[in-house]
Structure formats: structure tokens, C-alpha cells
Amino acid sequence: AAAGGDEYLAGLVEQLVCAQATLFAGSRYASWRRVCVLGRGRFGVAVLLRDDVGGAADVCSKEVNTEGMNIKEMAAIENEVLVLRSIRHEHVVRYLDAFHQGALLHIVLEYAEGGSLRAAIDAAVDAGGRPFSSAQLSRWLLQLARGLDFIHGLDILHRDLSTKNVLLTAPPSDASAAVRIADFGLAATVSASSGLASTMVGTPNSCSPELYRGERYGRPADLWGVGVILFELLTLSTPFTAQNVAALCQQIITAAYDDDALARCPHPDALTHLASRDALFHTDPAARLTLAELVDRLGHVADSDGSGPAG
């Protein structure tokens with residue numbers, strides 16, 4: 001597979017042309033009732049759909065108006081469909097169907113009723129800064145790591161891991177709440193020979209140093225995103241904030257996060273250390289914590305606090 005850029009885009013568009021006739025055929029979800037808007041994103045809205053006739057479980061439809069989209073925008077949307085169709089894992093949001101209604105493209109996914117980690121963090125802040133439990137964070141992080149490991153095993157980089165793009169199957173207060181990785185619009189396959197990509201994409205606050213340095217990047221770039229997610233869950237604040245892109249770039253390249261915020265959070269050192277310059281925030285991707293090392297260290301966190309293995 002191509003590593004990104006024009007070559008990758010050309011190959012993707014060719015796939016889309018071939019798949020278009022069958023990929024977006026009629027769907028049983030076309031007759032389901034639109035209940036409410038769940039959220040709004042870069043390209044459209046997420047809508048809750050309900051089966052009033054058969055009583056099947058609610059689903060989420062990502063509705064995208066494709067009218068007037070350029071080829072790159074259309075490729076990003078339909079790339080998400082192709083990637084999601086290829087992934088079946090308990091910690092990746094489940095793809096159900098995709099269909100067109102005129103210019104409106106519906107991508108039908110399982111409904112994660114707990115919302116995003118970003119929404120959970122905002123709610124915790126609104127509640128006076130009530131922290132999540134360490135056991136809960138360890139469990140979510142392990143689930144995220146397992147889902148990401150599966151994705152990487154398919155030679156796919158997510159390239160936009162953030163708290164907005166990780167969902168929960170139930171409210172955070174529910175012990176059964178589990179992680180689902182979502183939003184694969186910027187995902188890319190990596191070269192089988194190098195495991196690297198080169199296109200600059202992603203949420204600015206979550207991009208890795210190697211992206212800002214203009215270097216080719218691989219799986220460690222997604223691990224940096226995991227570090228940003230963990231930091232936000234630990235401290236209920238973002239690690240990198242600046243008034244302009246140049247200042248943000250400098251912060252990220254030097255891993256100049258808020259040390260005081262990390263020191264103040266009520267979690268064990270074994271957990272907070274994972275979001276440090278010696279682990280997920282190492283500026284050298286070759287020295288950054290790997291997924292295997294992350295899973296191993298999370299096991300030690302669970303052992304130290306007596307919570308047992310994270311599920």
C-alpha cells in the first residue's frame with residue numbers, strides 16, 4: 001500500500017470507483033427514524049437512528065452532505081468507510097452499513113451511548129474537577145491499546161487519536177463502560193517495507209513532534225496521541241495549549257507539557273509516568289513507549305492498586 005500523499009490518494013480513489021456501485025446500495029437503515037443529533041464534526045453530523053418497527057438496537061448514522069465536496073474531501077469520507085469495513089475488534093467502533101440518499105452519505109455505526117472521552121472530561125470539569133478512578137483510567141487505556149494494536153496489525157495508522165475520537169459504550173459512571181476507537185477519516189495504510197507515512201494531518205494539539213518536524217512517521221505517532229489522551233484523563237486538562245501554531249509546535253517538539261498539572265493529579269506514579277517525557281511523550285519516536293510496553297506497564301499499575309487486570 002502507498003504511504004500517503006498523492007500516490008495513496010490515487011490508489012484510494014481507484015478503490016472507491018470500483019466499490020461505489022455496491023458499497024452504497026440501499027439499506028434497511030434508510031427507513032429508521034432520526035431521533036436526535038448526537039454531535040457535529042468536520043464533515044457532517046452524527047444522528048441517532050431508531051427502529052420503531054422491529055425494535056432493533058439504536059444505531060448512529062454519520063450523515064455527510066457530499067454535494068460540492070472536492071476529491072480529497074470525498075476520499076477522506078469514503079476512506080473511513082473502507083477502513084471501518086476492514087476492522088472487526090471489540091474496541092473499535094463497529095461499522096454496520098453505508099448508503100446514499102441523494103447527496104447525503106450515511107455511514108451507519110454502532111451507537112456508543114457514553115459519548116466521547118472529551119465529553120466525559122468536560123462533564124468531570126463541570127462537576128468541580130472530580131477525577132476518574134485510577135482503575136477506570138487503566139482499564140480504558142488498556143482497551144485503547146488493544147484496539148490500536150489490532151489496527152496497527154493491519155498496517156493502518158489512525159493519525160487522529162484524541163479524546164474526541166474515542167467513545168464509551170456507557171456513561172463513565174457505569175463500570176461496564178468500554179472504549180471504542182472512532183473517526184477513521186484520516187487513517188492511512190503504511191508501507192509494508194518501511195511502516196512509515198508522510199502526510200501532515202491530525203488534530204494540532206495531538207500531533208507528534210515528528211509530524212511538526214516534517215519527518216516521516218509511523219506507529220509511534222499514534223502512541224503520542226495515546227499520551228495526549230492519557231494526560232487529559234489524568235489531569236482533566238490538555239497538555240499542550242498555545243495562542244498560535246508556531247508556539248504550539250515548539251511546545252510539542254520539546255514536550256513542554258504542564259508538569260505541575262501532572263504532579264497534582266491524584267493518581268499513582270506508575271500511571272502518571274506513562275504520560276511523561278520518558279514514556280509516551282518521548283520526543284524521539286524510536287525511544288517512545290511501544291504498545292507492548294504500555295500494556296505491560298498497565299499490568300503493573302493494576303497489580304499495585306489491587307484492581308486486577310483491566311478488561
Side-chain angles (χ1 to χ4, degrees), residues 9 11-119 147 150-151 154 156 158-160 162 164-171 177-189:
L9 180 61
L12 173 60
V13 171
E14 184 178 351
Q15 291 180 58
L16 296 175
V17 170
C18 295
Q20 193 86 322
T22 56
L23 186 59
F24 303 128
S27 169
R28 70 188 185 103
Y29 299 104
S31 62
W32 287 29
R33 178 168 60 91
R34 297 171 86 256
V35 178
C36 63
V37 173
L38 298 169
R40 300 181 184 276
R42 250 174 339 165
F43 291 118
V45 297
V47 177
L48 181 66
L49 297 185
R50 181 161 295 161
D51 178 14
D52 289 329
V53 177
D58 292 346
V59 299
C60 172
S61 173
K62 184 175 180 178
E63 298 182 351
V64 183
N65 189 345
T66 61
E67 187 174 4
M69 276 191 169
N70 62 43
I71 193 170
K72 286 191 175 183
E73 291 170 334
M74 192 64 189
I77 293 300
E78 298 188 355
N79 175 53
E80 180 167 17
V81 177
L82 293 174
V83 170
L84 282 169
R85 288 177 81 216
S86 70
I87 300 174
R88 283 289 183 271
H89 190 272
E90 61 179 329
H91 296 306
V92 176
V93 68
R94 186 159 57 96
Y95 167 87
L96 300 171
D97 203 357
F99 63 97
H100 272 298
Q101 287 181 323
L104 201 63
L105 170 63
H106 301 256
I107 304 173
V108 186
L109 308 166
E110 71 169 312
Y111 172 45
E113 65 175 289
S116 68
L117 288 183
R118 178 71 264 159
F150 184 84
I151 294 165
L154 299 175
I156 294 172
H158 188 283
R159 304 202 300 177
D160 196 19
S162 70
K164 290 182 179 180
N165 295 335
V166 178
L167 309 178
L168 294 172
T169 58
V179 158
R180 296 288 190 272
I181 301 173
D183 200 342
F184 286 80
L186 295 179
T189 50

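For this chain, numbers begin at 1 and follow the sequence in order.
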For [X] and [Y], work out which heavy atoms get closest and say how close.
X: R34; Y: L49; answer: CG-CD2, 3.7 Å
X: M69; Y: V64; answer: CE-CG1, 3.3 Å
X: H158; Y: A182; answer: NE2-O, 2.8 Å
X: S27; Y: D97; answer: OG-OD2, 2.6 Å
X: C60; Y: A46; answer: SG-CB, 3.9 Å
X: A103; Y: T66; answer: O-OG1, 2.7 Å

Looking at D52 and R33, would you say the former's side chain and the latter's main chain have a donor-acceptor pair under 3.5 Å?
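Flag not set: sc D52 to bb R33 has no pair under 3.5 Å.
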
Check whether any side-chain N or O of S61 sits under 3.5 Å from a backbone N or O of V47 as a donor-acceptor pair, and report yes or no.
no

[atom1] of [X] to [atom2] of [Y]: how many Å apart, nearest 0.5 Å?
X: I151; Y: I181; atom1: CD1; atom2: CD1; result: 4.0 Å
X: L105; Y: K62; atom1: CG; atom2: NZ; result: 9.5 Å
X: L96; Y: R28; atom1: CG; atom2: CZ; result: 8.0 Å

Any side-chain heavy atom of [X] within less than 4.5 Å of one from [Y]?
X: D58; Y: V35; result: no
X: Y95; Y: I87; result: no
X: V179; Y: L168; result: yes

Quick one: do H91 and R180 satisfy side chain to side chain contact (heavy atoms under 4.5 Å, CB included)? Show the steps, please.
CA-CA 4 Å; H91 296 306; R180 296 288 190 272; 4.0 Å; yes

Once you measure the plane-to-plane angle for W32 and Y29, does it fall in the parallel (<30°), tilted (30-60°) or perpendicular (>60°) bin?
perpendicular

Parallel, tilted or perpendicular: rings of F150 and H89 (30°, 60°):
tilted

Side chain to side chain contact (heavy atoms under 4.5 Å, CB included) between I156 and S86, intermediate numbers included
CA-CA 10 Å; I156 294 172; S86 70; 4.1 Å; yes

